[in-house]
Amino acid sequence: AKTKGGNRFQFYTAEMNQRSLERLDLENGLRRAIDQGELVVYYQPQVNLRNGAIIGAEALVRWQDPEKGLVMPGSFIALAEETGLIVPLGEWVLRTACSQNKAWQDAGLPKIPVAVNLSARQFAAQDVVELAARILHDTGLAPNYLELELTESAVMADAEAFIRATEKLKGLSIALSIDDFGTGFSSLSYLKRFAIDRLKIDQTFVRDITHDPDSASIALAIISLAHSLKLLAIAEGVETEAQLNFLRARNCDEMQGYFFSPALPADEFEAMLRQGRKL
Ligand code: C2E
Ligand code: CA
Ligand code: CA
Ligand code: CA
C-alpha cells in the first residue's frame with residue numbers, strides 16, 4: 001500500500017507539472033494574442049420583446065489562435081483574471097467595441113448601444129470610469145451608446161466601491177447592467193443604491209424556464225424586481241420559441257440568445273443591423 005501511495009503521489013506531481021506547463025503555455029499565448037492582434041470581438045444582438053427590433057449588442061471576445069483556431073472566452077478569461085492580463089485585454093475589447101460602434105454610426109446604421117463585459121479584477125485594478133471616459137473621448141462615441149456589464153458576484157465583492165462607480169457612470173450617461181443576475185445573492189438593500197439600468201436574468205434560469213417551476217419563479221421574481229426598481233429585465237440564453245413566449249407573456253423587456261442569433265463577427269452583425277432584422 002505504501003508503494004502504491006508513493007506512486008500515486010508521483011503521478012499527481014507529474015500531472016500537476018503538466019498542468020502548470022499548459023497554463024504557462026496558455027498565458028504566454030494570451031500575452032502574444034493581445035500584443036499581436038489575435039483577439040476578435042463578436043457581437044450578439046439584443047432584442048426588444050415588444051417590437052422585435054435590435055436594440056443593442058453585447059461585445060464578446062474570441063481568440064483567433066493561428067494553430068488552435070477560434071478559442072472561446074471560457075477557456076482563457078479565468079486565466080486572464082488570475083494573471084492580470086484581463087486589464088490590457090479588457091481595455092482592448094472596450095476600445096474595439098466603442099470604435100466599431102462609432103464606425104457603424106458613421107456609416108448610417110441604426111444607432112444602438114454596445115455592451116461590454118468588465119471583470120471584477122479589472123474593476124478593482126483600474127479606474128474603469130476614467131478608462132471608459134478616455135476611450136469614449138478617443139473614439140468619439142457618445143456615452144449613451146456604451147453600456148457596461150458587471151456580474152452580480154463581482155458587484156457584491158465590493159458593493160460600496162460599485163455604488164461609487166455607478167454614480168460616476170450615471171453622471172457620464174454610461175448605462176450599466178448587472179450580469180448573471182440571480183446567481184450572486186445580491187442584497188436587495190444594495191440593489192436600491194446601485195445606479196443601474198438593467199438586470200440580466202442568468203441563462204441557467206432561462207434554460208429551464210418552461211419545465212422547472214423553481215427556475216420560472218426566479219425569472220419572474222427578477223422581472224418584477226427589475227420593474228419595481230424601474231429597471232429593465234433582459235433574459236440571456238433564449239434558445240427556444242417556448243422560452244421566448246414565456247418571457248414575453250411575463251413582460252420581460254428584452255432578450256438575447258441563439259433563438260434570434262448567436263454572437264457574430266462584426267461584418268455579419270453589421271449586415272443584420274442594416275437589414276433591420278426583427279424577432
Ligand atoms: P456572459 O457575459 O454571461 O455572456 C453570455 C454567454 O452566453 C456568451 O458566451 C454567449 O455567446 C453565450 N450565449 C448567448 N446566447 C446563448 C444561448 O442562447 N444559449 C447558450 N447556451 N449560450 C448563449 P461566450 O461568448 O462564450 O462568453 C462566455 C463568458 O466569457 C461571458 O459570459 C463573459 O463572462 C466572458 N467574456 C466574454 N467576453 C468578455 C470580455 O470581453 N471581457 C470579460 N471580462 N469577460 C468576457
Ligand atoms: Ca455579459
Ligand atoms: Ca451573463
Ligand atoms: Ca455568465
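Indexing begins at 1, ligand by ligand and atom by atom, following the structure's order. Position 1 is the first residue of the sequence, and the numbers go up from there. Please read all numbers here as calculations on a predicted model, not as lab measurements.
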Short version for D180: what comes under 4.0 Å of ligand 1, heavy atoms counted, is side chain

Residue portion contacting ligand 1 (non-hydrogen atoms closer than 4.0 Å) for S119:
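The answer is both.
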
Residue [X] vicinity, atoms of ligand 1 by number, heavy atom under 4.0 Å:
| X | answer |
| --- | --- |
| P73 | 24 (P), 25 (O), 26 (O), 27 (O), 28 (C), 30 (O), 37 (C) |
| E58 | 2 (O), 4 (O) |
| Q44 | 14 (C), 15 (N) |
| I77 | 43 (C), 45 (N), 46 (C) |
| V93 | 41 (O) |
| R62 | 11 (O), 24 (P), 25 (O) |
| M72 | 26 (O) |
| V238 | 18 (O) |

Of all N/O/S atoms in E58, the name of the one nearest the Ca ion (ligand 2)
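Sorting the N, O and S atoms of E58 by distance to the Ca ion (ligand 2) puts OE2 first.
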
Can you confirm, on distance only, whether ligand 1 has an N/O atom lying under 3.5 Å from any N/O atom belonging to L89?
no

Ring-face cation of R277 near F260 (centre distance under 6.0 Å, axis angle within 45°)
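Verdict for F260: a cation-pi partner in R277.
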
Could you check whether R164 makes a cation-pi contact with F162, meaning its NZ or CZ is under 6.0 Å from the centre of the six-membered ring and within 45° of the ring axis?
no

Do you know which two heavy atoms are closest between D253 and L231, and how far apart they sit?
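Here D253 and L231 meet closest at OD2-O, 4.4 Å.
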
Residue pair P45 / M272: nearest heavy atoms and the distance that separates them
CG-SD, 3.8 Å

Look at the rings of W63 and F76 and say which category their plane angle falls in: under 30° parallel, 30 to 60° tilted, over 60° perpendicular.
perpendicular

Taking the side chain as every heavy atom from C-beta outward, state whether E254 and E236 have any pair of such atoms under 4.5 Å apart.
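Side chain of E254 against side chain of E236, heavy atoms only: no contact under 4.5 Å found.
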
Any non-hydrogen side-chain atom of L94 less than 4.5 Å from a side-chain atom of L131?
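Side chain of L94 against side chain of L131, heavy atoms only: contact under 4.5 Å found.
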
Given atoms OD2 of D179 and OD1 of N117, what angle do they subtend at the Ca ion (ligand 2), to the nearest 10 degrees?
90°

Can R193 and E167 be counted as an ion pair, charged N to O under 4.0 angstrom?
no

Q243 side-chain N/O to T240 backbone N/O, donor-acceptor pair under 3.5 Å:
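At least one qualifying donor-acceptor pair exists.
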
At the 4.0 Å heavy-atom cut-off, does G74 count as touching ligand 1?
no

Roughly, to 10 degrees, what angle do D180 atom OD1 and E236 atom OE2 form around the Ca ion (ligand 3)?
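Computed angle, vertex at the Ca ion (ligand 3), rounded to 10 degrees: 100°.
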
Got an N, O or S from E149 under 3.0 Å of the Ca ion (ligand 3)?
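Under 3.0 Å: E149 has no N, O or S contact with the Ca ion (ligand 3).
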
Strictly under 3.0 Å, is the Ca ion (ligand 3) approached by any N, O or S atom of D202?
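Looking at D202, which is the residue asked about, there is no N, O or S atom under 3.0 Å from the Ca ion (ligand 3).
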
For [atom], which of the options [options] provides the nearest non-hydrogen atom?
| atom | options | result |
| --- | --- | --- |
| atom 23 (C) of ligand 1 | F76, F260, Y258 | Y258 |
| atom 6 (C) of ligand 1 | Q203, Q256, M255 | Q203 |
| atom 5 (C) of ligand 1 | Q122, Q243, E236 | E236 |

Would a hydrophobic clustering, with Ile, Leu, Val, Met, Phe, Trp and Tyr connected at side-chain separations under 4.5 Å, put V238 with L220?
yes

Side-chain heavy atoms under 4.5 angstrom apart, residues restricted to Ile, Leu, Val, Met, Phe, Trp, Tyr: same cluster for V206 and L232?
no

Side chain to side chain contact (heavy atoms under 4.5 Å, CB included) partner of V47, chosen from I55, L279, L244:
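Of I55, L279, L244, side chain to side chain contact (heavy atoms under 4.5 Å, CB included) with V47 is met by L279 alone.
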
